[in-house]
Amino acid sequence: MGIMMKIYDWPTGPYPARVRIALAEKGLRSQVEFVLVDLYKGEHKKPEFLAKNYSGTLPVLELDDGTFIGECTAITEYLDALDGAPTLTGRTPREKGVIHMMSKRAELELLDAISIYFHHGTPGLGPHVEIYQNPEWGFRQRDKALRGMHYFDGILRGQPFVAGDAFTMADITVIGGLIFAGLVNVPVPPECEALLAWYAAMQERPSVKNRITMSEPIGAS
Ligand code: GTS
């Protein structure tokens, strides 16, 4: 018995991956039902979905009281707070501040930049969904993401995780960025050795490794 939540999601998507990883880290998989929203059909831009999330993006969490929570950061904060023992978003004011900063920085400098590259510098989700594209903006954002990779490499040369000594939401956000970078063929530059080593270790974490298959019915083999 537990709270039943719905997550509107796209199983292989980099942003949905962030919430899938958080769910697994918190042991909440059994309390969630995944609802597929087809990005390539533009289902996330239809009025029915926009009523759930004005921004027209995935993932979205629906609580059993009908509340919708969009934004990976907000969803992760909610999930992490549920058991009263936060592990991903910080316990002390200092931890919370640093983790939030580094996660936001991972969005601004890496994940969101790669996402803009995908939507503007590549065919993205196709002509039905990408109604405005600005390739120059897209390529600039790809360059920004490459600079971001160097920034996080520098961080990881000095500490084991993105926000310090422990795995947190900030690591999950960088993982999302590198998943997206992999999908759009923007590899981590080979000189970013610390980032590459960290990412190799992250990919061995069960929450990261099993994130796509986790939406299969529990007990399915
Ligand atoms: N700021 C949002 C968040 O953090 O939740 C961004 C979410 C986002 O961009 N999600 C992607 C999306 O809905 C999903 S995926 O690309 O990772 O699968 N993209 C569709 C679109 O048209 O922007």
Side-chain angles (χ1 to χ4, degrees), residues 5-25 32 34-63 67-80 88-89 99-135 137-138 141-142 144-145 148 162-163 168-186 207-208 211-215:
M5 301 175 270
K6 270 188 196 165
I7 292 183
Y8 297 85
D9 131 311
W10 176 254
T12 53
Y15 289 89
R18 291 172 60 188
V19 165
R20 286 164 167 257
I21 294 166
L23 276 173
E25 292 284 342
V32 165
F34 288 97
V35 182
L36 179 77
V37 178
D38 194 328
L39 291 177
Y40 284 87
K41 286 188 183 152
E43 286 177 2
H44 58 303
K45 300 299 182 198
K46 304 247 161 80
E48 191 195 346
F49 184 80
L50 294 176
K52 298 177 175 44
N53 180 11
Y54 171 79
S55 299
T57 58
L58 300 171
V60 178
L61 172 69
E62 182 179 357
L63 307 182
T67 303
F68 292 102
I69 302 179
E71 295 300 322
C72 293
T73 303
I75 298 169
T76 305
E77 283 177 347
Y78 175 85
L79 297 174
D80 199 29
L88 300 174
T89 55
I99 292 166
H100 198 113
M101 173 183 71
M102 293 307 281
S103 183
K104 182 69 187 173
R105 201 168 275 170
E107 290 183 339
L108 289 171
E109 307 297 338
L110 181 57
L111 173 57
D112 291 352
I114 287 284
S115 176
I116 294 170
Y117 167 61
F118 170 68
H119 291 290
H120 289 272
T122 81
L125 294 170
H128 299 303
V129 184
E130 308 292 358
I131 47 178
Y132 169 75
Q133 289 196 298
N134 182 335
W137 178 235
Q141 293 296 310
R142 183 187 60 182
K144 179 181 184 180
V162 173
T168 68
M169 172 169 73
D171 296 280
I172 298 177
T173 311
V174 176
I175 292 167
L178 295 189
I179 290 171
F180 214 156
L183 291 173
V184 295
N185 294 318
V186 180
S207 62
V208 179
R211 68 183 186 276
I212 294 169
T213 52
M214 76 181 292
S215 54

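All values below were derived from every heavy atom in this structure, side-chain atoms included, with hydrogens, water molecules and symmetry-related copies excluded. Counting starts at 1 for both ligands and their atoms, following the listed order.
When the heavy-atom distances from atom 20 (C) of ligand 1 to R18, H44, E130 are ranked, the shortest goes to H44. By heavy-atom distance, the residue among P11, S103, P14, G70 lying nearest atom 15 (S) of ligand 1 is P14.
Ligand 1 has no N or O atom lying under 3.5 Å from any N or O atom of W10, backbone or side chain. Checked by distance only, ligand 1 and L58 come closer than 3.5 Å through their nitrogen or oxygen atoms. Residue E71 places at least one N or O, backbone or side chain, under 3.5 Å from an N or O of ligand 1. For F180, no nitrogen or oxygen atom sits less than 3.5 Å from a nitrogen or oxygen atom of ligand 1, counting backbone and side chain alike.
Ring-plane geometry between Y8 and F68 is classed as tilted, the angle between the planes lying from 30 to 60 degrees on a 0 to 90 degree scale. By the 30° and 60° cut-offs, the orientation of the rings of Y40 relative to W10 is tilted.
Within the listing of ligand 1, atoms 20 (C), 22 (O) sit less than 4.0 angstrom from a heavy atom of L125. The contact set between ligand 1 and T57, taken as ligand atoms under 4.0 Å from a residue heavy atom, comprises 7 (C), 8 (C), 9 (O), 10 (N), 13 (O). The atoms of ligand 1 that sit less than 4.0 Å from any heavy atom of P16 are 14 (C), 15 (S), 17 (O), 18 (O).
Heavy atoms of D112 found under 4.0 angstrom from ligand 1: none, in either backbone or side chain. Contact annotation for T73 and ligand 1: no heavy atom of the residue comes within less than 4.0 Å of the ligand.
Remark: minimum distance from atom 19 (N) of ligand 1 to any protein heavy atom is reached at H119 NE2, 4.2 Å. In terms of protein heavy-atom proximity, atom 18 (O) of ligand 1 is closest to G13 CA, 3.1 Å. The nearest protein atom to atom 17 (O) of ligand 1, hydrogens excluded, is given as Y15 N, 2.9 Å; this is a heavy-atom distance. Nearest protein heavy-atom neighbour of atom 5 (O) of ligand 1: C72 N, 3.0 Å.
Of the possible polar contacts, one joining the K144 side chain to the L108 backbone as a donor-acceptor pair under 3.5 Å is found. S115 places no side-chain N or O within 3.5 Å of a backbone atom of L111 that could act as its donor or acceptor partner.
Using modelled atom types and a 3.5 Å distance limit, the side chains of T57 and E71 yield no donor-acceptor pair. With 3.5 Å as the limit, one finds a donor-acceptor pair spanning the side chains of Y15 and D112. The closest side-chain donor-acceptor pair between T89 and E77, if any, does not fall under 3.5 angstrom. One side chain, E130 or H119, offers a donor N or O that lies under 3.5 Å from an acceptor on the other.
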Checklist entry - What do the steps show when you test K104 against E107 for salt bridge (Lys or Arg N to Asp or Glu O under 4.0 Å), and what is the final call? => result CA-CA 5 Å; K104 182 69 187 173; E107 290 183 339; 3.7 Å; yes
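Both the sub-6.0 Å distance and the 45° axial angle are satisfied by R20 relative to the ring of F34.
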